[in-house]
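In what follows, chains carry the letters A, B, and so on, assigned in the order in which the sequence lines appear, proteins first and then strands, with residues in each chain numbered from 1.
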Number of protein chains: 2
Amino acid sequence: MNIGRAAEEANLPPKTIRYYEEIDLIRPSRAPNGYRDYSEADLHRLRFLQRARSLGFTIEECRLLLSLYDDHNRASSDVKAIALGKIGAIDRKITELAALRATLTRLVETCHGDDRPDCPIIDDLAGQGARVEP
Amino acid sequence: MNIGRAAEEANLPPKTIRYYEEIDLIRPSRAPNGYRDYSEADLHRLRFLQRARSLGFTIEECRLLLSLYDDHNRASSDVKAIALGKIGAIDRKITELAALRATLTRLVETCHGDDRPDCPIIDDLAGQGARVEP
DNA sequence: TATAGGGATTCCAGCAAATGGAAGGTCAAG
DNA sequence: CTTGACCTTCCATTTGCTGGAATCCCTATA
């Protein structure tokens, strides 16, 4: 199966699939004309990658998950631990975004938003820096 | 004021400040010895950048905000529109992350997480691809 | 005065995770 | 035989920095 078809099947752009090959996540065979030739097993891997990436796993996490996927003797707890870690990271990200949103909302609410140049948002940005470690 | 001191004042790493100069967000003068010399106005810009970046504005948005900051005749509604757009983007991101979290939580809950190789998480990843536009 | 240290300077490389584009090879249809 | 849709490789770009090397500058102390 050519890369274009595999791309459709896996719901990934061809460029991305080539990139995954470049970083050794998948190794399709080649047809006599030099075209990549994807097997059903390859397609499974590609769909796996598409799904895992869309769930927010990094490439390196995908690599790890794939090795667990390949290892039919691994414990399910290994996989569960990775997923739990990811949920924790998502929670932290959501908390962070919620705080951002709250700050921006407060700023927006105090800005009259008309033709006058006076703007509390700009004033806030100009006023004080948030304390964040460099 | 040297870059190190400016970095402390603005709560930004010196490397980042040099980077901001490279992309024309700030143009400090130079001391006779070639060192960058930051004025109070420069510091304001740096603090502005630190704050805006920490609020999730992209560099290009910061560039726009700075131009509004510089333009004392701009309408506050211009600034408000940018902030509102950012809030919308944050909301979309949070929604997305919440969905991710829900999926992962469901997977984790169905995984027994013990020494057995059978794992619903892996099965799900291998099973079907989420429909996402390439 | 020599030297040691702590800053400063430049430039080059690289991170994630693709994506865009150019130059060219292959294939099937009309 | 040509057109157009694929495919190939390679190189550059994106975002927002960060790390490191080589070199320079300034101050303080022995």
Enquirer: Heavy-atom count around A:Arg106 CZ within 6.0 Å, excluding the residue itself: above 12?
Expert: yes
Enquirer: Contact class for B:Ile3 (heavy atom, under 4.0 Å): base, sugar-phosphate, or nothing?
Expert: sugar-phosphate
Enquirer: Rounded off to whole Å, could you give me the CD1-to-C1' distance for the A:Ile17 and D:dT8 pair?
Expert: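 Value for this atom pair: 15 Å.
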Enquirer: Just by distance, do the side chain of B:Lys86 and the backbone of B:Gly56 share a donor-acceptor pair under 3.5 Å?
Expert: yes
Enquirer: Under 4.0 Å from any atom of DNA chain C, heavy atoms only: list the residues of residues 30-39 of chain A that qualify, in numerical order.
Expert: A:Asn33, A:Tyr35
Enquirer: In whole angstrom, what separates B:Glu21's CD from D:dG16's C1'?
Expert: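 In whole Å, D:dG16 C1' and B:Glu21 CD are 16 Å from each other.
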Enquirer: Take the protein atom CZ of B:Arg5 and the nucleotide atom P of D:dT27, then report the distance between them rounded to whole Å.
Expert: 16 Å
Enquirer: Does any donor atom in the side chain of B:Asp70 or B:Ser67 lie under 3.5 Å from an acceptor atom in the other side chain?
Expert: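 Side-chain D/A pair, B:Asp70 to B:Ser67: absent.
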Enquirer: Given atom CG of B:Asp24 and atom P of D:dG16, what is their separation to the nearest angstrom?
Expert: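 Result: 15 Å.
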Enquirer: Please report, rounded to the nearest Å, how far the C1' atom of C:dA17 is from the CG atom of A:Leu25.
Expert: 11 Å
Enquirer: What are the two closest heavy atoms between A:Arg63 and A:Asp24, and how far apart are they?
Expert: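 Distance-wise, the nearest heavy atoms are NH1-O, 3.8 Å.
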Enquirer: After noting the C-alpha distance and the side-chain angles of B:Ile26 and B:Leu66, does the key distance pass the side-chain contact (heavy atoms from CB on, under 4.5 Å) rule?
Expert: CA-CA 10 Å; B:Ile26 188 165; B:Leu66 274 176; over 6 Å; no
Enquirer: Using the salt bridge (charged side-chain N to carboxylate O under 4.0 Å, His left out) rule, pick out the option among B:Lys15, B:Arg27, B:Arg30 that qualifies with B:Glu21.
Expert: B:Arg30
Enquirer: A:Thr16 side chain N/O closer than 4.0 Å to the phosphate oxygens (OP1, OP2) of C:dA17?
Expert: no
Enquirer: Could you tell me whether the side chain of B:Lys15 has a donor or acceptor atom within less than 3.5 Å of a complementary atom in the base of D:dG16?
Expert: no
Enquirer: Would you indicate which nucleotide in D:dG19, C:dA17, C:dG20 comes nearest to any side-chain atom of A:Tyr19?
Expert: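 The answer is C:dA17.
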Enquirer: Specify the separation, in whole Å, of atom CG of A:Asn2 and atom P of D:dT8.
Expert: 7 Å
Enquirer: Please report, rounded to the nearest Å, how far the P atom of C:dA16 is from the CZ atom of A:Phe57.
Expert: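 Going from A:Phe57 (CZ) to C:dA16 (P), I get 18 Å.
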Enquirer: Roughly how many Å is it from CD in B:Glu22 to C1' in C:dC11, rounded to a whole number?
Expert: 10 Å
Enquirer: Looking at B:Ile90 and A:Leu97, what are the two nearest heavy atoms and their distance?
Expert: CG2-O, 3.6 Å
Enquirer: Which nucleotide wins on minimum distance to the side chain of A:Tyr20, given the candidates C:dT10, C:dA18, D:dG20?
Expert: C:dA18
Enquirer: Select base, sugar-phosphate, or nothing to describe what A:Arg18 touches, counting heavy atoms under 4.0 Å on all strands.
Expert: base
Enquirer: Please determine, for the side chain of B:Ile59, which listed nucleotide (D:dG16, D:dT9, C:dA17) has the closest atom?
Expert: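 The answer is D:dG16, which lies nearest to the side chain.
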